[in-house]
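Heads up: the structure comes next, in structure tokens.
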2 protein chains.
Amino acid sequence: MTNPQPILEYIKKHVDLTAEEEEILLSKITDRRYLKNQYIVQQGDICKTINFIISGCTKMFYVDEEGQEHIIMFSVEDWWSSDLGSFITQTPADFNIQCLENTQLIQFSYDHLEILYKEIPKLERLFRKITERAFVASQKRVVRNFSLSAKEQYLTFKNTYPKIEQRVPQYMIASYLGITKEFLSKIKSQLIQDQ
Amino acid sequence: MTNPQPILEYIKKHVDLTAEEEEILLSKITDRRYLKNQYIVQQGDICKTINFIISGCTKMFYVDEEGQEHIIMFSVEDWWSSDLGSFITQTPADFNIQCLENTQLIQFSYDHLEILYKEIPKLERLFRKITERAFVASQKRVVRNFSLSAKEQYLTFKNTYPKIEQRVPQYMIASYLGITKEFLSKIKSQLIQDQ
DNA sequence: AATAAATGTTAATCTAGTTTAACATCATTT
DNA sequence: AAATGATGTTAAACTAGATTAACATTTATT
């Protein structure tokens, strides 16, 4: 393990760990580096790990029957990045996760996480809270899809994730928003004219 | 408590409870009946309970600035029905939950649930799993919004929740799908002609 | 520096779904 | 049984966003 500090800090913000528990935890996680464009999970594979990003950036996306790519989420430092549906049921993934930059991860494998839940039960609480927040975020996204125009959704994205906008090409942001790159381009030129 | 059996059965499907734990649990939950059209939570209130439906049917929705109602989910027997975002943060709710039929609930109040987590830690695991599944369902809904036409979304809804379709007026299904009632009507008449 | 590959823009045409408005049917109350 | 309110249908006119296609700019590679 080269650099477990960020994950320990993240976890300690939510639960207190004894020195012994910390040691158990470190023995069950893996440090992993991926290069830009490498896949962490591929559609159809079983997602074997939950991934915490130490540095870098990923996109989670799926490819529809027409070969069209749809981005579900971006993840950066201190975020999680997994196909949770595949992970919790250990069935084939609906999504791909690919690195947009060189990326360093901490990985919790399915089996090791089950052991950790047994040995450090308060981790159940941690992951319950993480999942609760993820659920709420996803539900908010459903709401945005419902009630905001593409322009409003773009502005919301810009405000909510200003750093991601600068790290990611515009056509991927369009894909995340569920619009075409041409239409996002039009929205941006409208916004420039408006002001 | 008139009828705690369904919630006990539900919980016991996921975790084993000792007789003592069962008693603690029962002492911390509340049985509550609502009439058709009554609100369980209102937008702006703090959602004080997580609700498990024994019988009946609810809709969760919000009203946008134009006064337009948008249904986020329906819930029926053996499902949960809460504004989880408001509940976990104990801040004002984004959503209303209203009964579409006379509805009987088991309610877990925020404070009682925290006590239950302390006294029966394995409930953390249960609620972690419940939330994981809710998250995956919500993410699937985002995907459907992205890649399916209104007609395909309607057919998916019909297949996934055949019972709900029969219990709920069509204009509410249109709202759930994010389309107008007029357009759903058109889709239905197209489907009849197609076959 | 030259070329190729990736990313971004503009504009014309098209379409899925909205809006409006009038009417039809069904259920509930008196 | 009549009347009221809730739910559902049809059709014409409209709009947000998609599609297509050609071109512009930036970045990476030789």
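Protein chains get the first letters and strands the later ones, always in sequence-line order, with residue 1 at the start of each.
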Side-chain donor-acceptor contact under 3.5 Å, [X] with [Y]:
X         : Y         : answer
Ser81(B)  : Thr58(B)  : yes
Asn96(B)  : Gln42(B)  : no
Glu152(A) : Ser149(A) : yes

Provide, to the nearest angstrom, the distance between the [atom1] atom belonging to [X] and the [atom2] atom belonging to [N].
X         : N       : atom1 : atom2 : value
Glu66(B)  : dT18(C) : CD    : P     : 14 Å
Ile179(A) : dT19(D) : CD1   : C1'   : 14 Å
His70(A)  : dA18(D) : NE2   : P     : 11 Å
Phe183(A) : dT20(D) : CZ    : P     : 17 Å
Gln190(B) : dT9(D)  : CD    : C1'   : 13 Å
Glu182(A) : dA24(D) : CD    : P     : 16 Å
Asn37(A)  : dA6(C)  : CG    : P     : 10 Å
Ile187(B) : dG17(C) : CD1   : P     : 7 Å

Interatomic spacing from OG1 in Thr49(B) to CZ in Arg32(B) - rounded to 0.5 Å =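 That separation rounds to 8.5 Å.
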Starting at OG of Ser147(B), measure out to OH of Tyr62(A) and round the result to the nearest 0.5 Å.
->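 Taking OG in Ser147(B) and OH in Tyr62(A), the distance rounds to 2.5 Å.
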Does Lys59(A) make a cation-pi contact with Phe61(A), if we ask for NZ or CZ under 6.0 Å from the ring centre and within 45° of the axis?
->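 Verdict for Phe61(A): a cation-pi partner in Lys59(A).
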Got a sec? Which of residues 142-175 of chain B come in under 4.0 Å of DNA chain D, heavy atoms?
->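 Result for residues 142-175 of chain B: Pro169(B), Gln170(B), Tyr171(B), sorted by number.
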Between Ser185(A) and dG8(C), is there a side-chain N or O to OP1/OP2 distance below 4.0 Å?
->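 No, because none of the side-chain N or O atoms of Ser185(A) sits under 4.0 Å from OP1 or OP2 of dG8(C).
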Check the surroundings of atom CD in Glu20(B): do more than 12 heavy atoms from other residues, nucleotides or ligands lie under 6.0 Å from it?
->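 No, the 6.0 Å shell around CD holds no more than 12 heavy atoms from other groups.
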Closer to the 5' end of DNA chain D via nearest nucleotide, is it Lys181(A) or Lys188(B)?
->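 Upstream on the strand: Lys188(B).
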Quick one: which of dT19(C), dG17(C), dT10(D) gets closest to the side chain of Thr180(B)?
->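 Side chain of Thr180(B) sits closest to dT19(C).
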